[in-house]
There are 4 protein chains.
Amino acid sequence: MSRAARRKLELRREIIDAAFECFAEKGYHATGIADIAARLGIGHGTFYRYFTNKRDIVEHVITDLIERIIGTLAAENAPDAVHTLEDYRAQTVRIGDALAQVFGEDPRVPRMLLLEAPGIDKEMGARILEFFELATSLTATYVAHGVQDGYLPDDLDVDNTARAINGMILGSVLAALSDPTLDERRLRTAIQRVMYDGIAGRS
Amino acid sequence: MSRAARRKLELRREIIDAAFECFAEKGYHATGIADIAARLGIGHGTFYRYFTNKRDIVEHVITDLIERIIGTLAAENAPDAVHTLEDYRAQTVRIGDALAQVFGEDPRVPRMLLLEAPGIDKEMGARILEFFELATSLTATYVAHGVQDGYLPDDLDVDNTARAINGMILGSVLAALSDPTLDERRLRTAIQRVMYDGIAGRS
Amino acid sequence: MSRAARRKLELRREIIDAAFECFAEKGYHATGIADIAARLGIGHGTFYRYFTNKRDIVEHVITDLIERIIGTLAAENAPDAVHTLEDYRAQTVRIGDALAQVFGEDPRVPRMLLLEAPGIDKEMGARILEFFELATSLTATYVAHGVQDGYLPDDLDVDNTARAINGMILGSVLAALSDPTLDERRLRTAIQRVMYDGIAGRS
Amino acid sequence: MSRAARRKLELRREIIDAAFECFAEKGYHATGIADIAARLGIGHGTFYRYFTNKRDIVEHVITDLIERIIGTLAAENAPDAVHTLEDYRAQTVRIGDALAQVFGEDPRVPRMLLLEAPGIDKEMGARILEFFELATSLTATYVAHGVQDGYLPDDLDVDNTARAINGMILGSVLAALSDPTLDERRLRTAIQRVMYDGIAGRS
DNA sequence: GATGAATGAGGCTTCATTCAT
DNA sequence: CATGAATGAAGCCTCATTCAT
């Protein structure tokens with residue numbers, strides 16, 4: 001790959017990042033192409049050499065975020081890597097840590113994904129919902145494996161249980177967004193207790 | 001109250017409703033004051049006799065929705081009305097039914113509240129997060145009462161458990177939004193099973 | 001005249017006065033019909049029962065002001081009442097006093113006439129210029145009489161001298177508007193000295 | 001300076017000129033940004049690349065006019081260049097000629113400055129009054145110098161005499177505006193006669 | 001006769017996008 | 001290739017005026 005081509009890719013990357021920052025900080029509609037270009041010190045005409053549209057760039061921003069999150073989840077874990085409830089629980093903790101990493105490190109990530117993106121337009125709203133569904137089906141894979149492997153009850157409603165679990169995760173992300181001083185570790189612990197013992201059971 | 005004053009209040013109500021419909025269907029930014037006025041067959045100047053702003057009307061739309069939801073929850077239930085786990089569980093079902101009613105009856109309600117509103121601007125985003133917090137603290141009241149009354153374990157992390165529960169509710173609302181054909185009853189059942197038995201229990 | 005008819009005339013008068021106050025204080029374009037009505041505590045629909053137009057009312061306001069000024073000048077003086085330079089000079093002082101009265105008593109009068117009115121539209125600008133011309137021709141009558149009676153030199157350029165005199169009056173009104181603390185008496189004295197001795201002559 | 005930068009300055013200049021023409025011909029309030037742009041054959045969006053506001057452009061138009069006038073006056077004359085009444089009188093004539101040049105060449109200049117500008121808003125009204133004061137203090141400098149040099153009487157009320165003189169100038173400008181066919185030379189002669197002999201002198 | 005609710009023309013301003021340099 | 005000047009569609013909002021009550 002030529003030097004020029006590499007530079008081009010690099011700038012493309014920088015534009016996506018700058019756009020993400022602008023959108024997350026000022027909101028999609030309040031951000032102008034000029035703002036994004038200004039943040040990089042490039043002319044705003046240049047922007048259009050890399051992206052066709054304002055809509056185009058936000059698409060890439062979101063795609064990027066989603067891929068990064070899915071990647072994080074897929075990286076360290078696999079549904080079929082565990083075979084006992086004990087191991088599963090440990091895996092749950094690891095996944096929770098990974099998610100906390102992604103969402104907690106930079107609050108602009110959940111802000112963009114959960115607050116800004118859904119309202120951009122119908123299509124983007126649908127994409128975010130699809131992302132939730134994807135996450136749910138990912139979770140469902142784990143649950144289904146547990147049922148199949150026998151360490152989870154076989155009358156468990158796999159999909160809906162996955163929805164419940166993902167809801168708790170979503171809730172924790174939003175709670176952290178509401179209150180940045182929140183003790184996330186305790187929240188994660190509480191979620192896991194609900195997951196494994198229900199609210200009424202002994203810890 | 002004079003006839004004119006009544007008519008005025010009525011039109012005000014109609015504008016709020018029309019605005020809600022427009023915002024939920026086309027999105028806040030894609031909706032013009034003219035769209036709202038056209039839906040009612042009134043001049044767009046008339047709109048400004050009732051609301052000062054586009055921002056003003058969406059504020060009222062959201063306030064209205066939130067009040068309706070809070071009202072629904074407050075209407076039928078009370079944290080201190082139950083004294084056994086069995087009763088609590090029944091109460092949970094009732095609250096779940098009420099919520100399903102509010103959110104399920106008209107999908108534009110959750111769409112507006114969860115997808116459109118947060119991205120309108122920073123302030124509105126904050127309002128929605130506050131609404132989540134309010135819902136959480138409402139749930140926490142129930143959980144706390146259970147702990148105090150002894151039918152829930154006294155080492156339960158009340159606030160965070162409430163966050164987990166509310167997350168599951170939020171997740172179910174979003175799931176219903178994603179897939180309108182979803183069997184919500186089964187989802188609610190699954191959530192309650194997680195709540196009371198955890199994912200691993202009651203095999 | 002019936003009681004109702006009298007009341008009607010009275011309200012008409014009040015509307016003109018209120019309009020004058022609004023226009024002079026906020027400016028013609030910044031004043032709404034609603035402002036005028038509000039100042040009187042009447043409905044703004046009522047306004048249109050007395051005047052056909054926003055333009056109509058300002059026409060009346062200006063006409064009123066001009067008539068008042070012309071009236072003041074005409075009241076106490078007459079060109080042919082004096083026959084010596086000494087008497088003429090005294091008459092000049094009286095006229096100056098009368099003008100100072102009209103313009104000085106309420107600064108909104110010159111503000112309306114000199115600052116607001118000319119910019120309302122072409123026609124009103126023309127009216128104000130005509131008013132200046134009228135004032136000039138009035139002054140010219142005095143000067144002409146002085147020439148005819150022999151107490152002013154017969155090679156005096158009557159019209160242009162009248163223009164010069166009126167210019168000084170106009171200047172003094174504007175000076176007073178600029179600086180309300182200005183000692184107008186001294187200014188009037190200075191003007192009369194220029195009038196009678198020129199700037200180089202002995203006082 | 002690059003070619004583009006020069007073109008930019010040029011267009012800026014053209015916009016100011018076009019705005020001046022529009023404001024002077026149709027009036028400030030009756031002129032839309034679209035009118036100004038149309039006169040130049042540019043898009044109205046372009047206007048906003050050069051000026052932030054309708055208010056902004058009129059500010060520049062007025063500043064321009066005032067600076068041009070002040071410049072003209074300052075260019076050819078100096079208070080301390082003369083030392084006899086005779087010379088002073090000649091200087092007066094020169095200044096009068098210069099003013100006649102500025103105001104007489106294009107009647108839109110006095111129309112804009114005296115009729116349109118004062119009514120734009122309070123602030124602009126104040127600016128015009130300040131301009132009169134500035135002109136007065138300029139005149140006062142000349143008069144004061146005459147007193148100091150001894151060719152004008154030392155009991156002359158310098159400031160107020162300057163006001164009187166400026167009033168005559170203002171009056172002559174307005175007279176020329178009223179009646180374009182007016183013989184300005186005769187008017188100027190009449191003003192100078194008043195200035196140096198008073199109305200009664202030199203019979 | 002008085003009222004004020006309704007109206008919509010009209011004007012300002014923004015900003016995504018294009019394109020000549 | 002990068003730039004930023006130019007553009008005009010689009011949308012918000014005001015307010016003079018009308019007219020039914």
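First the proteins, then the strands, lettered A, B, ... as listed; each starts at 1.
Applying the 4.0 Å criterion to OP1 and OP2 of dA5(E), one finds that Y50(B) has every side-chain N and O outside that range. The phosphate of dA6(F) (OP1 or OP2) has no side-chain N or O of K8(D) nearer than 4.0 angstrom. Close to dT17(E), at under 4.0 Å from its OP1 or OP2, lies a side-chain N or O of N53(A).
Salt bridge status for R39(A) with E21(A): present, with a side-chain N to carboxylate O gap under 4.0 Å. With respect to R55(A) and D121(A), a salt bridge is recorded, a charged nitrogen being found less than 4.0 Å from a carboxylate O. The pair R108(C)-E25(C) meets the salt-bridge criterion, with a side-chain N (NZ, NE, NH1 or NH2) lying under 4.0 Å from an Asp/Glu carboxylate O. A salt bridge links R13(C) and D17(C); the closest N-O separation between the charged side-chain nitrogens and carboxylate oxygens is under 4.0 Å.
Of the two residues contacting DNA chain F, namely A34(C) and K54(B), the nearest-nucleotide position lying further toward the 5' end is that of K54(B). Residues T46(D) and H29(C) each lie close to DNA chain F; by heavy-atom proximity, the contact nearer the 5' end of the strand is made by T46(D). Positionally, the nearest nucleotide of DNA chain E for G43(C) lies more toward the 5' end than for the other of T31(D) and G43(C). Of the two residues near DNA chain E, G45(A) and L11(B), the one whose nearest nucleotide lies more 5' is L11(B).
For R7(A) and S2(A), the side-chain atoms include no donor-acceptor pair closer than 3.5 Å.
Base pairing in DNA chain E gives the following stems of 3 or more Watson-Crick or G-U pairs, range against range and under 3.5 Å: E:2-21 with F:2-21.
Taking atom CZ on F23(C) and atom C1' on dC15(F), their separation rounds to 13 Å, with Å as the unit. Following rounding to the nearest Å, R7(D) (CZ) and dG4(F) (P) show an atom-to-atom distance of 18 Å. Atom NE2 of H44(C) and atom P of dC19(F) are 14 Å apart (whole Å). When rounded to the nearest whole Å, the span between CZ of F51(B) and P of dT14(F) equals 15 Å. With rounding to whole Å, E14(B) atom CD is found 14 Å from dA6(E) atom C1'.
Side-chain proximity of R49(B) to the nucleotides dT17(E), dA2(F), dA6(E) is greatest for dA6(E).
What you find for L177(B) and P107(B) is that their closest heavy atoms are CD1-O, 3.6 Å.
Among the protein residues, T52(C) comes within range of no part of the nucleic acid, since none of its heavy atoms lies under 4.0 Å from any strand.
Annotation: cation-pi geometry not satisfied between K54(A) and F23(A) (NZ/CZ under 6.0 angstrom from ring centroid, within 45° of ring axis).
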